[in-house]
Protein chains: 2
Amino acid sequence: MERVTMADVAREAGVSKSTVSQYLNKRYEYMGEKTKQKIEEAIETLGYQPNFLARSLKQKRTSLIGIIVANITHYFSTEVSRAIEDFFHQYDLQAIVCNADDDPEKEKKYIEMLRAKQVDGLIIFPTGKNNALYESMVKQNYPVVFVDRKVENRDVYTVITDNTESTYKAIQYFIKKGHQNIAFAVQPLTVSTRIDRLEGYKKALTDAGLEVNPDFIVEGSIAEMKGKLEQLFSLDVKPTALFAANDRVFITLGEFIKEKGIKFGEDLDVVVFDNIPFSQMLETSLSFIIQPAAEMGRKAAELLYQQIQKENQEPEVFVFPSKMM
Amino acid sequence: MERVTMADVAREAGVSKSTVSQYLNKRYEYMGEKTKQKIEEAIETLGYQPNFLARSLKQKRTSLIGIIVANITHYFSTEVSRAIEDFFHQYDLQAIVCNADDDPEKEKKYIEMLRAKQVDGLIIFPTGKNNALYESMVKQNYPVVFVDRKVENRDVYTVITDNTESTYKAIQYFIKKGHQNIAFAVQPLTVSTRIDRLEGYKKALTDAGLEVNPDFIVEGSIAEMKGKLEQLFSLDVKPTALFAANDRVFITLGEFIKEKGIKFGEDLDVVVFDNIPFSQMLETSLSFIIQPAAEMGRKAAELLYQQIQKENQEPEVFVFPSKMM
DNA sequence: CCGGTTTAGTAAATCGGTTTATCTAACTGC
DNA sequence: GCAGTTAGATAAACCGATTTACTAAACCGG
């Protein structure tokens, strides 16, 4: 693993390091044809491969961007990440994907480490709990885009879906179908998506003249979820429809329902807020609220790229509409 | 974005760069208590954050490893990647995930670029078509592990599943259930997994005294797949069971089947070779061959880590058993 | 043939750290 | 009181590129 450096190439070709550098950067303006050839040959015979680290140090660009997802097992996150990667591929920028596991400590650690590694920008699915850190990045004019969730700080480019509105419509759809007892299952209300979806649920009920029954709102971690569903379905008045606030809730629901012998469509109408792979193969009675993950990823990537290129506009929140299927 | 450097800290604390460096690397052996404190303060007031790039350049370690997956939309790949990330997290190594899209050219580009970025090692789902490149990495003693697919070169650590055996068993299961006309759908036979699975299929049939009917082997790209399925199901003797060689084939099959009104379980028994998220929510009549993705990822990561630490053993191929569900 | 321009190439500084060899002052013991 | 340690800190080289300022030779018109 005796690495070949530019100096070696220069020696082999009988020119200076500077000239080799010019060659590699295709600044041929004042370069003799024979010199060019000599360098080419030297590179070939030595099997030289440039060291991007050294270059990055000098140029203060790494051509690396960081993606910090809240939960990598969430299909939506992978779809967004993929779109981001695709976008940056055309500019020869690579993405590093890190998984914060919805843990603010982990998130902090990753942000700091990616910045220490000098990545050119960051796309974050924020936990929302590191406001001081977010603030400092904005203040330093460091390229950042938030995806999926809003945070308090308004001076950051943000790409989200219309959580409240699409939940509202889904609940409206339940009501139109005649449902009176509609439940809502959600993980702890720590991030904006969950809060917004719950808001849409409540608003839809209220607007339809139905009362919001707190017993029908199941809030808890995935670990607690089954127990709470148990409670929900042992109420005197059982729900006939249920809104699952994301895919992980849905999985738990699926297990629960299988155990209890409850049938989707017949006993219980369900809408899931999330993109699910293979959803076309699932029972047709289920509905899904699909977020335009690819477009959102693309938009986030564009916004980040603009910042990296210093073509900053005013920070803005971009809201994408979801579709119910 | 006026970055604070070590020199600034040194000036602020009234010591030399070297001392600051010692401090940061926790080499306190000969360091006065007051010096330590002064540096600590200086770092605090300036908000200094070290530049890992510079450190990596000198130390020739980036604490970055690369993962090149053949297809990032493949659920199995993301599971493996996640396990790899988890493993390396404990050693403060980050993973860069790149998507080669089963394109040897792209794969080559990524390998070269990741090496240029000086990543400490590579875990690859190989296309199998860049043998010269693989060879050169091995020869240079560069840490590499192959996952999911074998390549010709035997001197590389490789982690795979028992493709042939588990397919064999699945087909045997079909036969025991009484099926005589068993079809096999697969993407082009360009990588070892597909070839090995087909081999298992053929062997199971032959061993059971059934003949291998070439009409029942559907081989083609995802784009062609539907047309070929059409042909398959317009044969005089139609298959009553089908083996889908991976999840992408299965998706296409699902679409096809829905259009035709064929029913899983009743008209057609199906086994899918692959881990599918939410498979527990799909029709119970389907069977899946599940690869132990997490363990495989972990093993691959361990093997890479050993190489990075220069604790090399003899390269070996590790075969994990799959389970049918 | 001479001053100015163009062409081709280079020396040296730089990026921000790590590391090695060295230095000084205080401390030992005899 | 002096050689030998040792604790504490530093100067300078180094990692492998980029980039700026500079030089030397060729060229060119009047």
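Lettering of chains follows the sequences in order, A, B, ..., and the numbering in each one begins at 1. The model shown is predicted, which means the values in this text are computed figures rather than measured ones.
- Note on B:Asp102 versus B:Arg194: salt bridge recorded, some NZ/NE/NH1/NH2 to OD/OE distance being below 4.0 Å.
- One interatomic measurement links the two molecules: CD of A:Gln59 to P of D:dT19, which rounds to 5 Å at whole-angstrom precision.
- Ring centroid separation for the pair A:Phe146 and A:Tyr134 comes in under the 6.0 Å cut-off.
- In this structure, B:Lys36 places its NZ atom 13 Å from C1' of D:dA7, rounding to the nearest Å.
- The distance between atom NZ of B:Lys60 and atom P of C:dG16, rounded to the nearest whole Å, is 20 Å.
- Look at CE on A:Met6: it is 14 Å from P on D:dC15, rounded to the nearest Å.
- Not a single donor-acceptor pair, N or O on each side, falls under 3.5 Å between the base of C:dG16 and the side chain of B:Lys58.
- An OP1 or OP2 oxygen of C:dG9 is reached within less than 4.0 angstrom by no side-chain nitrogen or oxygen of A:Ser16.
- When only modelled atom types and interatomic distance are considered, B:Ser21 and B:Ser18 share no side-chain donor-acceptor pair under 3.5 Å.
- Going from atom OH of A:Tyr28 over to atom C1' of C:dG9 covers 16 Å, rounded to whole Å.
- Using a 4.0 Å heavy-atom distance criterion, A:Arg61 is classed as making no nucleic acid contact.
- Formation of a donor-acceptor pair under 3.5 Å by the B:Gln306 side chain with backbone atoms of B:Leu303 is not found in this model.
- Taking atom OH on A:Tyr23 and atom C1' on D:dT18, their separation rounds to 17 Å, with Å as the unit.
- In this structure, A:Ser18 does not reach the C:dG9 phosphate: none of its side-chain N or O atoms is under 4.0 Å from OP1 or OP2.
- Cation-pi geometry between A:Lys36 and A:Tyr23 is not met at under 6.0 angstrom from the ring centre and within 45 degrees of the axis.
- For residues 44-55 of chain A, proximity to DNA chain D is found at A:Tyr48, A:Pro50, A:Asn51, A:Ala54, A:Arg55, defined as any non-hydrogen atom under 4.0 angstrom from a strand atom.
- Contacts of A:Thr5 with the nucleic acid, taken as non-hydrogen atoms under 4.0 Å apart, involve only primed sugar atoms and P, OP1 or OP2.
- Counting non-hydrogen atoms under 4.0 angstrom, A:Val20 reaches nothing in the nucleic acid.
- Judged by the 6.0 Å and 45° rule, B:Arg115 forms a cation-pi pair with B:Tyr142.
- For the pair A:Gly32 and B:Gln22, nearest-nucleotide mapping onto DNA chain C gives the more 5' position to A:Gly32.
- Residues B:Thr161 and B:Gln291 have side chains that bring a donor and an acceptor to within less than 3.5 angstrom of each other.
- At a cut-off of 3.5 angstrom, counting only N and O atoms as typed in the model, there is no donor on one side facing an acceptor on the other between the side-chain of A:Ser56 and the base of D:dA17.
- Regarding A:Glu33, its CD atom lies at a distance of 15 Å from the C1' atom of C:dG9, rounded to whole Å.
- Note: NZ (B:Lys17) to C1' (D:dC15) measures 12 Å, nearest angstrom.
- One cannot find a donor-acceptor pair under 3.5 Å joining the base of D:dA9 and the side-chain atoms of B:Thr35.
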